Amino acid sequence: MAAGIDDVAIYIPRLYLDAADFANARGLDPVKLQKGLGVSQMAIVDANQDPACLAANACLRIMEKNNLSPDDIGRLYISTESAFDESKAMNSYVIGMLEQVYGQGSFEHCGGVETKFACVSGSYALYDNTNWIRAGEAEGKSALVVVSDIAKYDMGSSGEMTQGAGSVVMLLNDKPRLLEFDPKVTSTSIKDEYDFYRPFGKETPIVHGQYSNLLYMIQVRKALEAYKKRVVATNLIEMKEGETILDHMDYINMHLPYSNMGKKALAYLVRHEWRQLPRWKNILEQIGTEEPIPKDPRGTIESVLGDEEFMAKDHEFTKMFTKTQEYQDVYESKLSSSLIASSMIGNLYTASLYLGFRSSLEFEYQKGVDLEGKRIGFGSYGSGSSAMVFSGVVQPEYEDIVKSMNLEAEIGPRRRLTWSEYEDLHENKLTPEESKMHTKKEFVLVDVKTETESRGERRYVFTN
Ligand code: CAA
């Protein structure tokens, strides 16, 4: 049975921190953020928002847009790494909010859980729900998979310039208008690592930034190797001599902790794929030097990062490689449109990959590209660490969905924060009543109880 993404909706907080204001306050060159990282604005949650109400707002949008009733939804999964409870799953909060609109008990038989594996858990949730549909268990119902996160780092840390927040929801069913997933090729890699993690009770993560960048690329590459084997074994794609699997992906969506990480990761994957092909000779001739090799080619990630001479040479080589016309063609045609939303919104952890997918559809369609039949490859990464590579094909009815996509309109009118407003919000100094934005027809957080017997209970309302 076919299964895939029928529609996508987003909810992005309208408050934002401008990259120039951030650089100014932190004494950084704004070009580092804008050009070095590809960050222009970072969405910041208001004092009356949390990842559950971002998720509920996205769910309401997709349900209203598709005239869905709670009976149409068999499962609602939430993937997040911004959980605020160690036991009560975030989908129960979201169902509580949705029932304020659809009626008490209306989602009574909608199963689901909250899933966790840093930024990759949404991809596992998508895969599991796709298989629920493929197995015939859905019996005509749809699943909602919501990825919702607040990417928040310590004040003054190097991660602080890669923050953001938002939620993406995907409606899955057996007659997807947008994207049908390729069967039996989804591949993963996993390794016990400490590149980025958030111990119990800590609101912000502990991050080893450069380590996490390299690990991301290594893990996705390993998952891609496994994906290639499955593609060949299942005859999904016929690979000819001198070709790489990437030649058969019309689009490549990568996990985007910041927009330029997509560029970096694509360059890494393309380099490793092309290295084995006749076309590499021409690339090396253009660059004018052999690829640098670390002093200890079989060493650990730490030893590679510690090999300063290699790192500098490799950085230079990558820069030259990304300037070749051959790489530029791949970048422009397969990746660039997916990065636009990320630079306007920032990191969404679990939702970053899917915001990129949404961005790619909208901006490629605007270019006038006919997307029907195009194969989209996904490179998902979650710290800790696991990667997943999978693919799907854009369906003939895609235009029904994509023609009305409008990122700016869907975000709504934004408000640029002053530095002191940002500091107050970041340090949780404001109560929900002191929120900055006036909201209409949205779920907001009104109270978190502090009494011993009810500590942590949250109350939400739907604003009129
Ligand atoms: N003008 C132009 N460019 C500049 C510049 C300037 N003045 N100064 C620096 N740059 C460039 C650098 O050359 C670099 O470009 P390359 O990537 O091409 O080398 C880029 O700007 C960033 O500079 P640095 O690498 O020096 O930046 P940094 O070390 O201070 O911080 C970071 C970058 C490591 C990503 C940090 O922001 C961080 O720790 N972020 C959080 C962790 C993260 O996002 N990791 C990503 C992988 S893990 C993951 O994906 C999970 C997740 O969602 C977090």
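This structure is a prediction, so every number in the text was calculated from the model and none was measured. Each residue takes its place number in the sequence, starting with 1.
- In this structure, a donor-acceptor pair under 3.5 Å is absent between the side chains of S343 and S259.
- A donor-acceptor pair under 3.5 Å links the side-chain atoms of D50 to the main chain of A52, judged by distance alone.
- Scanning both residues, R414 and I345, for their nearest heavy atoms gives NH2-CA, 4.3 Å.
- A donor-acceptor distance shorter than 3.5 angstrom exists from the side chain of E434 to the backbone of T431, with no hydrogens or angles considered.
- Side-chain N or O atoms of D247 include none that pairs as donor or acceptor with a backbone N or O of E243 at under 3.5 Å.
- Note that OG of S333 is 13.5 Å distant from CE of M249, once rounded to the nearest 0.5 Å.
- The minimum heavy-atom distance linking N347 with T162 is given by the pair CB-O, 3.2 Å.
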Q: Tell me, with the steps shown, if N406 and E410 meet side chain to side chain donor-acceptor pair (under 3.5 Å).
A: CA-CA 6 Å; N406 183 330; E410 284 166 55; over 6 Å; no
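- No salt bridge links K152 with E160; every basic N to acidic carboxylate O contact stays at or beyond 4.0 Å.
- The minimum heavy-atom distance between G122 and T350, with the atom names listed, is N-CG2, 4.5 Å.
- Formation of a donor-acceptor pair under 3.5 Å by the S82 side chain with backbone atoms of I150 is found in this model.
- There is no side-chain donor-acceptor pair under 3.5 Å between D195 and S385.
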Q.
Would E364 and S337 count as a side chain to side chain donor-acceptor pair (under 3.5 Å) here? Give the steps.
A. CA-CA 6 Å; E364 284 299 299; S337 291; 2.6 Å; yes
Q: List the steps and the verdict of side chain to side chain donor-acceptor pair (under 3.5 Å) for E203 and N428.
A: CA-CA 11 Å; E203 197 197 9; N428 304 322; 3.2 Å; yes
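- Between R458 and L445, the closest side-chain pair of non-hydrogen atoms falls below 4.5 Å.
- Looking at E81, its side chain does come within 3.5 Å of a backbone N or O of C119 through a donor-acceptor pair.
- Taking CG from N48 and CE from M437, the interatomic distance works out to 10.0 Å, rounded to the nearest 0.5 Å.
- In the model, Y258 has a side-chain atom that pairs as donor or acceptor with a side-chain atom of N213 under 3.5 Å.
- Heavy atoms only, all atoms of each residue included: S189 and Q219 are closest at OG-O, 2.9 Å.
- A donor-acceptor pair is defined here as one N or O able to donate and one able to accept, closer than 3.5 Å; no such pair exists between the side chain of N173 and the backbone of I5.
- Remark: K263 NZ to L256 CG distance equals 11.5 Å, nearest 0.5 Å.
- With contacts defined as side-chain heavy-atom distances shorter than 4.5 Å, the pair E408/M344 qualifies.
- Note that CG of L348 and CG of D149 are 7.5 Å apart. Values are rounded to the nearest 0.5 Å.
- Among residues two or more places apart in sequence or in another chain, the side-chain hydrogen bond (donor to acceptor under 3.5 Å, both in side chains) test is passed with R459 by none.
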(Q) I'd like to know whether L144 forms a side chain to side chain contact (heavy atoms under 4.5 Å, CB included) with N91, so could you lay out the CA-CA distance, the side-chain angles of the two residues, the decisive distance to 0.1 Å, and finally the verdict. (A) CA-CA 10 Å; L144 289 178; N91 52 315; over 6 Å; no
Q) Hey, mind stepping through F181 and Y127 against side chain to side chain contact (heavy atoms under 4.5 Å, CB included) and telling me if it holds? A) CA-CA 9 Å; F181 287 120; Y127 184 48; over 6 Å; no
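- The two residues V444 and C53 make their nearest non-hydrogen contact at CA-SG, 4.3 Å.
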Q. Does the side chain to side chain donor-acceptor pair (under 3.5 Å) test come out yes or no for R177 and N66, once each step is laid out?
A. CA-CA 12 Å; R177 287 168 293 173; N66 291 283; 2.8 Å; yes
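- Judged by the 6.0 Å and 45° rule, K403 forms no cation-pi pair with Y365.
- Salt bridge present: E273 and K228 bring a charged side-chain N and a carboxylate O closer than 4.0 Å.
- Under a 4.0 Å N-O distance rule, the pair K229/E225 does not qualify as a salt bridge.
- Summarising the local packing, NZ of K88 is surrounded by more than 12 heavy atoms from other residues, nucleotides or ligands at distances under 6.0 Å.
- Salt bridge status for R416 with E421: absent, with no side-chain N to carboxylate O gap under 4.0 Å.
- Looking at V389 and V220, their side chains come closer than 4.5 Å, going by heavy atoms from C-beta outward.
- No side-chain heavy atom of Y354 sits less than 4.5 Å from a side-chain heavy atom of V8.
- Between T244 and R279 there is a side-chain heavy-atom pair separated by less than 4.5 Å.
- Residue-environment remark: NZ (K436) exceeds the threshold of 12 foreign heavy atoms within 6.0 Å.
- Of the possible donor and acceptor atoms, none in the side chain of E180 sits under 3.5 Å from a partner among the backbone N and O of G392.
- A salt bridge does not link K141 to D72: none of the charged nitrogens lies less than 4.0 Å from a carboxylate oxygen.
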Q) Would F84 and M90 count as a side chain to side chain contact (heavy atoms under 4.5 Å, CB included) if you check the C-alpha gap in whole Å, the side-chain angles of each, and the deciding distance to 0.1 Å? A) CA-CA 8 Å; F84 43 71; M90 202 178 282; 4.0 Å; yes
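- A 6.0 Å sphere centred on CD of E427 holds more than 12 heavy atoms belonging to other residues, nucleotides or ligands.
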Q) What's the verdict on side chain to side chain contact (heavy atoms under 4.5 Å, CB included) for K440 and N464, showing C-alpha distance, side-chain angles and the deciding distance? A) CA-CA 5 Å; K440 255 171 112 174; N464 285 309; over 6 Å; no
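- Under a 4.0 Å N-O distance rule, the pair E457/K449 qualifies as a salt bridge.
- With no hydrogens or angles considered, no side-chain donor-acceptor pair links S359 and S338 at under 3.5 Å.
- Applying ring-ring contact (aromatic ring centres under 6.0 Å, His included) to F443 and the options F462, Y460, Y11 leaves one that passes, F462.
- Side chains of I10 and L355 form a contact here, defined as non-hydrogen atoms less than 4.5 Å apart.
- Residues V147 and M170 meet the side-chain proximity criterion, which asks for heavy atoms closer than 4.5 Å.
- Between H426 and Y422, the two ring planes are perpendicular [angle over 60°; tilted spans 30° to 60°].
- The backbone N or O of L371 lies less than 3.5 Å from a partner atom in the side chain of Y398, making a donor-acceptor pair.
- Side-chain atoms of R271 and F321, non-hydrogen and from C-beta on, do get closer than 4.5 Å to each other.
- Between F117 and Y381, the ring centre distance reaches or exceeds 6.0 Å.
- The backbone N or O of T463 lies less than 3.5 Å from no partner atom in the side chain of K441, so there is not a single donor-acceptor pair.
- Of the possible donor and acceptor atoms, one in the side chain of T80 sits under 3.5 Å from a partner among the backbone N and O of S148.
- Under the ring-ring contact (aromatic ring centres under 6.0 Å, His included) test applied with F357, the options F378, F390, Y251 reduce to a single match, F378.
- Minimum heavy-atom separation, V45 to P13: CG1-CG, 3.8 Å.
- For NZ of K367, the number of neighbouring non-hydrogen atoms (other residues, nucleotides, ligands) closer than 6.0 Å is greater than 12.
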